[in-house]
Amino acid sequence: MSGNPLSAVIPLLPAVILKTHFGAVWLIRMACLLVIGALVTMGRNYRNTRTFSSVLLLIAAVIAFTESASGHAADTGDFTVAEIMDFLHLAAALVWGGGLFTISLLVFPASMGNGPQAQSQVRVVERFSRTAGVALAVIVATSLYNAWIDVGSLDALFKSPYGKAILAKIVFFVLLLVLAAFNRSISVPRLQEWAGLPAARPGAVGRYLESLFSPVVRNQKKELNASRFLRTVRIEAFLMLGLLFCAAVLRHEVPARHFAHLNSAHPSGEHPGSGHEGHMHHAGSGPAPVARLETDPAHIVAGAPVLMKVHLEDRNRRPFEGLIVHHDRILHAIIIGEDLSVFAHIHPEDLGPVTNEMKKKATFPLRFTFPKAGKYLIGFDFATEEGQYSNKAYLSVSGGPAMTKPKVDQSTEKNFGAYHVSLKHSPAKIKAGADTLLRFLIEQNGKPIKNLEPYLGAPMHLAIVRSDLTEFIHTHGFTPEDLQGPMHAGPSERFGPEIDAEIVFPRKGMYKIFSQVRREDKVLLFDFAVKVE
């Protein structure tokens, strides 16, 4: 999970297992597996009873639920709608897939006999066909919900690894659906006739499929019905393996909705993003609210996912009222490590839609995996109609590897992948408490970039932090076109290569400047260091 060598991971296992949400869910799963093993070993005399099967089925359902409780669906908390929908999706897929494997490997091992044996096997097929129909309905409903939560847009579906895995899964699902419809409408009624049982009357879909496939089945001998059915079921089972493989990939891939934001944790480079609009640059009036941070687990270990809840409160510890969306997000959270190399820009919307209940309680979820041990600053940016507010909190992360002292590179020209970026500031010597103009020039292959796009409603987002993490500023850049246009107008659809920002550094010291811009649906992250006198 963390990418660390085994020698570094083993000492951390007790903390991960005993002090994290993932560890608690893993312990429940292991306990259920041990109980199943004990029941199967000691309950030989009861294996053929309905009660024994029901108990095993119930324990298996708990194990399936632990999968949902330890995956992306648990981002918003336990027993939420997202987690329950994920469980139903997983359970329905297992019922359908498990039934296919059982029928193809056990019920029809080679061919069907005649008489009572054939009738009993066909009855199994009848029941599975009905059960699979219900499972299919559940899969479709939960798939639409999960896609709405975890994908969010067609752009993310086609451009993110998560979305591409979903597209592959859809291909397998459609092929499975065609075979399942063929078996249910054509194969099962013919098996019933062959076994001497009353055949089910086909519905509208069945009649259409009969007319469509009539050349295929018209001249088939009745005794070949079983072997043909077995062949198609085994093809279904093979396709189900492909679908389950795609599902396994999705369990470990970053959801498309917040793919761009979580990938911002890298020091530099390109990341997928999305365009937004809207400006707000004035500070809010009145007593400043407080951002209180709660984490699960309370003891954070590097490499283990952490669910955070941000409580925005007034001075009386009541939920802060009047929150509005600014720069297309209800809350911006900037995470910076003490080595000044770890950076992330995340939001509650990365985990799903912001609900009215969240706004009423002024409590919003965040999820992040801290890659290194040490001290982290988390800066919060939010707004009301009166203006914008900033707040910050600190977290300590244990485990390893540990962050080292920051390496300060005061170069004013740097290469970030294929991009060459230069930073100029006026005045030449930056003074604490005085206005400072920062100007970024972005080029590629010696040519100025003129097709930058708005990112979260601004030409550039800047997170500025003092090297000891005691000062934090989140602000936004502008272009010369912004200054010439009407006040409060959004940024141009295309701009560059220069972006400016006005900053007042509060104290002397060394500062790190993280800046994010967007080009061709990718978010670029640049970083510079400046000395303030």
Side-chain angles (χ1 to χ4, degrees), residues 57 60-61 64-65 67-69 71-76 79-104 125-158 160-188 200 202-210 212-213 232-233 235-251 253 255-257 352-353:
L57 183 62
F65 193 83
E67 280 293 319
S68 299
H72 300 305
D75 288 344
T76 55
F79 303 106
T80 57
V81 174
E83 191 173 88
I84 292 172
M85 293 292 279
D86 186 79
F87 164 70
L88 292 175
H89 182 82
L90 179 62
L94 293 176
V95 167
W96 188 13
L100 285 174
F101 298 139
T102 301
I103 287 177
S104 62
V125 173
E126 292 173 353
R127 291 184 179 182
F128 173 69
S129 181
R130 290 193 296 269
T131 303
V134 175
L136 178 62
V138 173
I139 289 172
V140 171
T142 54
S143 294
L144 293 174
Y145 178 86
N146 291 338
W148 174 56
I149 292 295
D150 291 329
V151 178
S153 68
L154 289 176
D155 187 67
L157 178 65
F158 288 102
S160 69
Y162 189 92
K164 292 175 182 177
I166 285 184
L167 291 174
K169 188 177 176 182
I170 290 173
V171 171
F172 281 110
F173 180 77
V174 171
L175 293 174
L176 274 166
L177 195 60
V178 172
L179 277 177
F182 179 87
N183 282 332
R184 182 178 177 86
S185 301
I186 296 178
S187 298
V188 171
V205 175
R207 289 193 296 272
Y208 172 75
L209 290 175
E210 280 187 337
L212 185 65
F213 292 104
T232 56
V233 169
I235 294 173
E236 272 192 82
F238 179 78
L239 292 173
M240 180 61 72
L241 285 176
L243 188 146
L244 293 177
F245 175 79
C246 293
V249 171
L250 292 173
R251 307 299 291 184
E253 187 58 73
R257 177 181 287 272

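We're numbering straight along the sequence, starting at 1.
Scanning for side-chain contact (heavy atoms from CB on, under 4.5 Å) contacts around Phe172 gives Leu239, Leu243, Cys246, with sequence neighbours left out. Phe238 meets the side-chain contact (heavy atoms from CB on, under 4.5 Å) test with no other residue; sequence neighbours excluded. Applying the ring-ring contact (aromatic ring centres under 6.0 Å, His included) criterion to Phe173, with sequence neighbours excluded, gives no partner residue.
For the atom pair CG (Leu175) and CD (Glu236), the distance works out to 11.0 Å, reported to the nearest 0.5 Å.
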Using atom types as modelled, flag every donor-acceptor pair under 3.5 Å from a side chain in residues 89-101 to any protein atom, sequence neighbours excluded.
unit_1, atom_1, unit_2, atom_2, d
His89, ND1, Thr142, OG1, 2.9
His89, ND1, Ser143, OG, 3.4
His89, NE2, Lys169, NZ, 3.2

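You'll find the side chain of Met240 reaches within 4.5 Å of the side chain of Leu244, heavy atoms only.
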